[in-house]
Amino acid sequence: MRIEASGYAGGPAEHDGGKPTLSIGVNQGYWSKTENKWVDQGTVWLRVTPRTPKAQKELDYARRGSIVHVTGELTIRTYERRDGGKGVSYDVYADSISYGHAQTNEPTMKGSSSC
């Protein structure tokens, strides 16, 4: 599935032997017209792996709290956690990574099927 997402970097890129990765937190929620406020529904963490040389170069500019914009392919997978429970991983293989400036509106995530 093709995805464009904006969120906050959880820290600098991690280089653990394999491909470097970056975790970004994307706030979920909606604007309630009836309550005239943002209704928070938690944070989804995306694991971003660059798949182009340009995206890989941009990865190293991330700092904790940086606003990060990514475009790429989303893969959702399940795995067994150390405690034996089931976990879900949201992996983005990024074609493009860029950085934004603080704004008043919340980071967003939108996806579309590329069938």
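Bear in mind that the values here come from a model prediction, so they are computed numbers and not experimental data.
Nearest heavy atoms, Gly85 versus Asp83: N-OD1, 2.8 Å. Taking every heavy atom of both residues into account, Ile97 and Ala55 meet most closely at CD1-O, 3.5 Å. The two residues Tyr93 and Thr75 come nearest to each other via the heavy atoms CE1-OG1, 3.7 Å. Across all non-hydrogen atoms, the minimal contact from Leu22 to Ala9 is CD1-CB, 4.2 Å. The shortest heavy-atom contact between Ser66 and Tyr61 is OG-O, 4.5 Å.
Side chains of Ile24 and Val48 form a contact here, defined as non-hydrogen atoms less than 4.5 Å apart. Taking 4.5 Å as the limit, some side-chain heavy atom of Gln56 sits within range of a side-chain heavy atom of Pro20. Side-chain contact between Val92 and Glu4: absent, with no pair of heavy atoms (C-beta onward) separated by less than 4.5 Å.
Between the side chain of Thr71 and the backbone N or O of Asp95 there is no donor-acceptor pair closer than 3.5 Å. Put simply, the side chain of Tyr99 gets close to the backbone of Ala62: a donor and an acceptor are under 3.5 Å apart. Of the possible polar contacts, none joining the Tyr90 side chain to the Arg77 backbone as a donor-acceptor pair under 3.5 Å is found. Judged purely by atom type and a 3.5 angstrom limit, Arg81 uses its side chain to pair as donor or acceptor with the backbone of Lys86.
Grouping the Ile, Leu, Val, Met, Phe, Trp and Tyr side chains by contacts below 4.5 angstrom, directly or via other members, places Val44 with Met1. At a threshold of 4.5 Å between side-chain heavy atoms, the hydrophobic network of Ile, Leu, Val, Met, Phe, Trp and Tyr places Leu46 and Ile76 in one connected group. In terms of hydrophobic clustering, with Ile, Leu, Val, Met, Phe, Trp and Tyr side chains grouped at heavy-atom distances under 4.5 Å, Tyr30 and Val26 are assigned to different clusters.
Annotation: the span from Ser98 atom OG to Lys54 atom NZ amounts to 7.5 Å, rounded to 0.5 Å. Distance check, rounded to the nearest 0.5 Å: CG of Asp91 to CZ of Arg47 gives 5.0 Å. Distance check: Lys57 NZ to Leu59 CG gives 13.0 Å after rounding to the nearest 0.5 Å. From Lys37, atom NZ reaches atom CH2 of Trp31 across 9.5 Å, with rounding to the nearest 0.5 Å.
For the residue pair Ser6 / His69, a side-chain donor-acceptor distance below 3.5 Å is found, with atom types taken as modelled.
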